[in-house]
Amino acid sequence: MTSQEIRQKFLDYFKSKDHLIVPSAPIVLKDDPTLMFSNSGMTQFKDFFLGYKTPTAPRIADTQKCLRVSGKHNDLDDVGRDTYHHTMFEMLGNWSFGDYFKKDAIAFAWELLTEVFGIPKENLYVTIFEGDASENLERDQDAYDFWKSHISEDRIINGNKKDNFWEMGESGPCGPCSEIHVDLRTEEEKAKVSGLELVNNDHPQVVEVWNLVFMEFNRKADKSLEKLPAQHVDTGMGFERLCMALQGKSSNYDTDVFTPLIAKVEELSGKKYTGVLENEKDIAIRVVVDHIRAVAFAIADGQLPSSGGAGYVIRRILRRGISYSYRFLDMKEPFLYKLVAVLQEQMGRFFPELEKQGTLVTEVIKSEEESFLKTIETGLIRVEKLIQQTIADNQKVLPTLEVFELYDTYGFPDDLTRIIAEEKGLTIDEEGFKAEKKKQQERSKADSAQKVYDWVTLEEKEENFVGYDTIESETYITRYRKVENKDGEFYQVVLSNSPFYPEGGGQIGDKGVLENATESFEVLDTKKENGLIISLINALPKDAGAVFYAKVNAAERRNSQANHSVTHLLHEALREVLGTHVEQKGSYVGPDYLRFDFSHFNKMTEEELALVEDKVNHKIKESITLQEFRSIPIQEAFDKGATGLFGEKYGDYVRMIQFGSSKELCGGTHVKNTIEIGHFKIVSESSAAAGIRRIEAISGDQSEEYFKNLENQVHELSQLLKSKDIVRSIEKLMEENASLKSEVEAFKKEKAKGEIGEWKNAYEQKGNKQLLVKKTSLDAGSVKDIVFQLKREIPTSVTVILSDADGKPMITVGVSDDLAADYQAGAIIKDLAKEIQGGGGGNPGFATAGGKNLDGLENAYQKAMNI
């Protein structure tokens, strides 16, 4: 069976068992503060398990894109060095939300693997949770009894808490699990050692293929366990490992999930893949084909490589792939982007985002490759200088801080530094480097460290967001919890009726106050977590159960929603001016300004920007009334012409915002009429990434302030120029300035002519050579002209000019052509520049250097006299 057939058979099987088949959620998480990426199949269903949302169906099946490259689940360093670890992988899963439990989950898994997929029963082993006395958890006897009806008891293995008690994270849903392992060894190998001895022992051919998790507990922040309101099933089967088992391969990389990509790498690099584990070339090819999948899917889901957060993780994965291909495949030019087309052909049918975003994905990867390859070339020069200095200092170990700086600041791979150093007979301080890396990680961890306590529930009330209709509301605190971070101690509160908009869709969270007759608390921020709207306050009320009044900061909300509404008008205008290829790729909406990222491959012209601005302002002046469809079937919204943000996970019912012909799916707050926006002004247009442009703009109060400032500047200029015709007055000043510049240049040339004659007579005879060391206040241009003339006219000469023009030290060195074999201007300048705390360079005949220490010119003068 091909991988596509295997995936389809899985989905078809569970569809026949009354499961709703749903698409994969985006690999990038945008509304979960605890995770950057989907790292398991259950991520998109967390709210169902926690009881915050009602499942769309009691039985669901899917294939979920997952990424494990950070935090607790991090497989990055293992990728390429074995046959089965990956950064991005697919997790096939079937889910039961309060419907069937252990018996049916086990029966479904056994039937699918042995009867539908035809895996020999004698190749399978299963594990169950053996219990844990420290947690008062008993052995999972139910699972054992259900398995006995399918598999012999000697193939049912007790597993410890590490292997057979699944937890989402430090807190959250959890429960015992039952793993299914498959033995893929040859008959000869099986005869020598029983598979029982190799289960969960990291054997590359005895691997876990499916994990059946029986969700029945919730892990609280204090580490205690409480029963969930309902029992659920959460299963995850590694798609790549299943393909390995069904296609009779001993490595995931030998399946058709990867072989088309490997073939393309072979074609582009001219290197043959042999599948040897320890071979660096083969490791590099495995790294490349794995990493391109992770990066391509992340970009397709809306996460561009960047210097922070999730974007940094994606950039790091991509750079790791580039580094391996540079070092072991001799690929010095961009080529990974050419693999995207192969990936589209393989997976586009099941993951249409790859098809739709293919051009963007390709261009972004190509741009990142070009940039990092330049970084590598620059880094090679830095490493070479570091090596030469280390040799000159008679050392054998490269300085630790400089090696770490290359890695941390410039992104240069530390293992590449190590290889180059070893070629020169040097080493790097491995322990010192690890220590610096650990310090950096600890600094980063400390910056983001946060201790979150358990929720204290005050009332079991329905919690509502009322902020679309009002910015003030009477309310109760239904639950609260304490939070500690580097800034201090805070409290998160959930309100029965909250007017505070939680951060989302690019719009920042509302601020305001929460008060009653005796107390008042500043609401510092509002976010959404697991379906709950959480407002942050800096202290806990004395009577948390009292009636409160919640008030949103009216001015900030007014300006934020003006900026949010105008992003919709901007999006439409960009598509009209630039073309329908324009898609929103990110935004920031706050009270002070808006930022809008969109797909477009060229810098916008001034004419295009002006036209977009005019179109938006025309819509504002039309006084278009907001049409809000608060809960509309998603297909109906699309049928009406609504656009959605690619990479977002939308439900069956959505909110659609319409201003005339502009229709978008959006959860943010908006003006009731476009006239409330006031005026729209583009402040800047720039590149955000390859194929992504960025517009920053203002509206509302900020645009009013902008034009007030302009008016004040015009008035001040008019006063200074003593004229109302500012343009003509400035033109006149520019003409006068140009005329004066010409006169100054003419004066300088005359002065320089006078200096030349004097300087020609000032050379000192040094043996059969001539030296001139001269101080002057002439500017750099004049000094350069004179030095070039002197080196031509004075044979066997070295000329050193030390200038203090404009209060800044500068040294210029000229060497006549007939002394080129004996003296180098660049070498002389390097030595003299130390005295003025500066640097510079040039060629053997001419060099200059600027510096910071004006007083150092005297020492430089004395040193130059001794050349």
Side-chain angles (χ1 to χ4, degrees), residues 32-35 39-43 45-52 68 71-75 91 93 95-106 109 125-148 153 155-181 196 199-202 208 210-237 449-457 479 481-484 529-530:
D32 189 332
T34 64
L35 289 172
N39 63 6
S40 67
M42 67 84 64
T43 306
F45 304 121
K46 277 171 64 176
D47 291 354
F48 299 164
F49 290 125
L50 290 165
Y52 297 141
R68 290 188 178 175
K72 175 184 173 184
H73 301 292
N74 186 353
D75 294 337
M91 189 70 83
W95 316 85
S96 167
F97 305 105
D99 188 16
Y100 63 82
F101 201 45
K102 297 179 184 178
K103 182 178 181 180
D104 288 335
I106 288 169
Y125 297 88
V126 299
T127 64
I128 63 154
F129 181 47
E130 67 184 5
D132 188 281
S134 66
E135 299 256 25
N136 291 319
L137 293 169
E138 296 180 354
R139 181 174 185 257
D140 194 348
Q141 190 62 39
D142 286 344
Y144 182 83
D145 291 339
F146 294 136
W147 273 120
K148 279 198 305 181
E153 294 180 48
R155 289 175 175 269
I156 304 173
I157 306 165
N158 283 334
N160 58 26
K161 183 181 169 187
K162 175 179 174 291
D163 292 323
N164 281 89
F165 193 88
W166 194 91
E167 306 206 39
M168 183 179 68
E170 295 297 320
S171 61
C174 56
C177 62
S178 187
E179 302 169 336
I180 306 173
H181 295 253
L196 281 170
V199 168
N200 276 331
N201 277 311
D202 293 325
E208 175 195 339
W210 206 346
N211 192 10
L212 315 180
V213 180
F214 309 122
M215 292 282 193
E216 50 186 313
F217 299 105
N218 180 42
R219 174 75 70 185
K220 300 177 72 175
D222 64 5
K223 304 307 176 188
S224 65
L225 293 172
E226 64 179 8
K227 277 281 189 180
L228 288 171
Q231 295 177 325
H232 312 292
V233 170
D234 155 18
T235 83
M237 176 153 58
Q450 180 167 278
K451 184 177 181 181
V452 180
Y453 290 77
D454 285 320
W455 286 111
V456 176
T457 301
R479 64 182 87 186
R481 68 183 178 189
K482 187 164 73 170
V483 176
E484 295 172 355
E529 179 183 328
N530 296 325

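Only a predicted model underlies this, so the values are computations on that prediction, with no experimental measurement involved.
The side-chain heavy atoms of Leu137 and Phe217, taken from C-beta on, include a pair separated by under 4.5 Å. Counting only heavy atoms from C-beta outward, the side chains of Met42 and Val213 never approach each other to under 4.5 Å. In this structure, the side chains of Leu228 and Glu216 stay at 4.5 Å or more apart for every pair of heavy atoms. No side-chain heavy atom of Asn218 sits under 4.5 Å from any side-chain heavy atom of Leu225. Residues Phe165 and Asp132 have side chains not in contact (no heavy-atom distance under 4.5 Å, counting atoms from C-beta outward).
Counting all heavy atoms, side chain and backbone alike, Arg479 lies closest to Trp455 at CG-CE3, 3.7 Å. Minimum heavy-atom separation, Gly98 to Ala230: CA-CB, 4.3 Å. Of all the heavy atoms in Tyr453 and Glu484, the pair that sits closest is OH-OE2, 3.0 Å.
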Worked verdict on Glu130 versus Asn164 for side-chain contact (heavy atoms from CB on, under 4.5 Å): CA-CA 8 Å; Glu130 67 184 5; Asn164 281 89; over 6 Å; no
Stepwise side-chain contact (heavy atoms from CB on, under 4.5 Å) check, Asp163 with Thr127: CA-CA 9 Å; Asp163 292 323; Thr127 64; over 6 Å; no
Step-by-step side-chain contact (heavy atoms from CB on, under 4.5 Å) determination, Ser171 to Asp454: CA-CA 9 Å; Ser171 61; Asp454 285 320; 5.8 Å; no
Derivation and outcome, side-chain contact (heavy atoms from CB on, under 4.5 Å), residues Asp140 and Phe214: CA-CA 10 Å; Asp140 194 348; Phe214 309 122; 3.8 Å; yes
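Note: Arg68 CZ to Met91 CE = 5.0 Å, rounded to the nearest 0.5 Å. Atoms CG and CD, on Asp99 and Gln231 in that order, are 12.0 Å from each other to the nearest 0.5 Å. In this structure, Ile157 CD1 and Tyr144 OH are separated by 11.5 Å, a value rounded to the nearest 0.5 Å. Asn158 CG to Ile128 CD1: the interatomic distance, rounded to the nearest 0.5 Å, is 5.0 Å. Atom CH2 of Trp147 is separated from atom CG of Leu212 by 5.5 Å, given to the nearest 0.5 angstrom. Once rounded to the nearest 0.5 Å, the distance linking CD1 of Ile180 with CD1 of Ile106 reads 8.5 Å.
Not one N or O on the side chain of His181 forms a donor-acceptor pair closer than 3.5 Å with the backbone of Val126.
Shown here is Glu135, whose CD atom has more than 12 heavy atoms of other residues, nucleotides or ligands within 6.0 Å. Around atom NZ of Lys162, no more than 12 heavy atoms belonging to other residues, nucleotides or ligands sit under 6.0 Å away. Lys103 NZ: 12 or fewer foreign heavy atoms inside a 6.0 Å radius.
When Tyr100, Phe101, Phe48, Phe45 are each tested for a ring-ring contact (aromatic ring centres under 6.0 Å, His included) with Trp95, only one passes: Phe45.
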